[in-house]
Amino acid sequence: MTGGAAKNDQGRLTEVAGLEQDRAQLGRSSTAERVADILRDRITEGFFPPGARLSEESIGGALGVSRNTLREAFRLLTHERLLVHELNRGVFVRVVTVEDLDDIYRVRTLVECAAVRSLGEGPYGAAATEAIAAIETAVQAGEAASEAREWQDLSTANIRFHQGIVALAGSPRTDELMRGVLAELRLVFHVMADPRRFYAPYLTRNRQIVEVLQSGDAPEAERLLRAYLEDARRQLSGAYAERIAEG
């Protein structure tokens, strides 16, 4: 073995030194991310309302994960603005501010309208057609929930509708971004006294948007969506401010 080759081999050994000890961290990190996914979905679906304290003991026991893993999942969700840690009190589902709400809608308008705009002119490809079919399914679920007066299910269907809109972009990163944004938005809806008031009127508009998408008119769908989001922002912002002021 030449001196140069030996030196290169030694360099490679130095680069990987200690990686065996880090292997366990991969498992913990992966598990923590999966736990965060589960809790994020639970928040989105309304099982953990704003202000609720998350018990390490009960959640860790239910999921069968260690306290360290659960705390890492809490840290990830705190970074996403879904949870807050209060010293000597624990971890709580976050209560968003009116300013947060307005910013959430700015992000939604940017992302959702761009996703629709990305379709261009019809006819659309297979991926876009599949995404539109998922939007149609969400609209149907919302209509069924409204008929059954299942307002939490209606809320979930509405979230699925907007996730479907974002999926039109065909971007996993955009899907991931909006997943957190919509979970944060769900925290707003849980504070409202009358969820029917904030969901039912938009069912007709959801139906209109999906039918325009199915017709191949993306520009008109974007125009409808932009107006929809601005109307929702104004309505929710005023009502939410009143609700927060009431405590």
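This one's a predicted model, so the numbers in the text were calculated from it and none came from an experiment.
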Quick one: pull up [atom1] in [X] and [atom2] in [Y] and give me the separation to the nearest 0.5 Å.
X	Y	atom1	atom2	value
I135	E211	CD1	CD	12.5 Å
L213	L119	CG	CG	6.5 Å
N158	Q163	CG	CD	10.5 Å
I209	L225	CD1	CG	5.0 Å
E33	I38	CD	CD1	12.5 Å
L236	L229	CG	CG	11.0 Å

Checking [X] now: which residues fulfil salt bridge (Lys or Arg N to Asp or Glu O under 4.0 Å) with it, not counting sequence neighbours?
X	value
E184	R81, R94
E86	R89
R179	D37, D41
R67	E56

Side chain to side chain, [X] and [Y], heavy atoms closer than 4.5 Å:
X	Y	result
I59	L39	yes
I132	L168	yes
T69	V35	yes
S237	V98	yes
S146	W151	yes
D103	E99	no

Closest heavy-atom contact between [X] and [Y]?
X	Y	result
V95	P50	CG2-CB, 3.9 Å
V139	L203	O-CD2, 4.5 Å
A36	A73	N-CB, 3.8 Å
A218	G120	CB-O, 3.4 Å
V116	A221	CG1-CB, 4.0 Å

(request) Would you please name every residue forming a side-chain hydrogen bond (donor to acceptor under 3.5 Å, both in side chains) with Q214, sequence neighbours left out? (result) E136
(request) Applying side-chain hydrogen bond (donor to acceptor under 3.5 Å, both in side chains), name anything that partners E143, two or more places apart in sequence or on another chain. (result) R207
(request) Can you establish whether the number of heavy atoms outside E130 located under 6.0 Å from its atom CD is more than 12? (result) no
(message) Taking NE2 in H85 as the centre, count heavy atoms belonging to other residues, nucleotides or ligands within less than 6.0 Å. Is the count above 12?
(response) yes
(message) Is the positively charged end of R42 above the ring of F47, judged by distance under 6.0 angstrom from the centroid and angle within 45° of the axis?
(response) yes
(request) Decide yes or no on side chain to side chain contact (heavy atoms under 4.5 Å, CB included) for R233 and D102, but give the supporting numbers first. (result) CA-CA 7 Å; R233 184 199 65 77; D102 288 339; 3.3 Å; yes
Is a side-chain N or O of [X] found less than 3.5 angstrom from the main chain of [Y], in a donor-acceptor match?
X	Y	result
Y240	V96	yes
T78	F74	yes
S118	A115	yes
T137	A133	yes
T109	Y105	yes

(request) Sequence neighbours left out, what passes side-chain contact (heavy atoms from CB on, under 4.5 Å) with L110? Give chain and number order. (result) none
(message) For T129, give me all partners under side-chain contact (heavy atoms from CB on, under 4.5 Å), at least two apart in sequence or on another chain.
(response) Y124
(request) Just grab all the salt bridge (charged side-chain N to carboxylate O under 4.0 Å, His left out) pairs involving residues 148-177, residues at least two apart or on different chains. (result) E45-R160
(message) Strictly by salt bridge (charged side-chain N to carboxylate O under 4.0 Å, His left out), give each pair with a member in residues 214-229 just once, sequence neighbours left out.
(response) R117-E222, E220-R223, E222-R226
(message) Which residue is it: V181, L185, L182? I am looking for the one with a side-chain contact (heavy atoms from CB on, under 4.5 Å) to H162.
(response) L182
(message) I'd like to know if the side chain of D100 pairs up with that of T97 as donor and acceptor (distance under 3.5 Å, no hydrogens or angles considered).
(response) yes
(request) May I ask you to list the residues sharing a hydrophobic cluster with F92, side-chain cutoff 4.5 Å, ordered by chain and number? (result) V84
(request) State which residues pass ring pair (Phe, Tyr, Trp, His ring centres under 6.0 Å) with Y202; sequence neighbours excluded, sorted by chain then number. (result) Y228
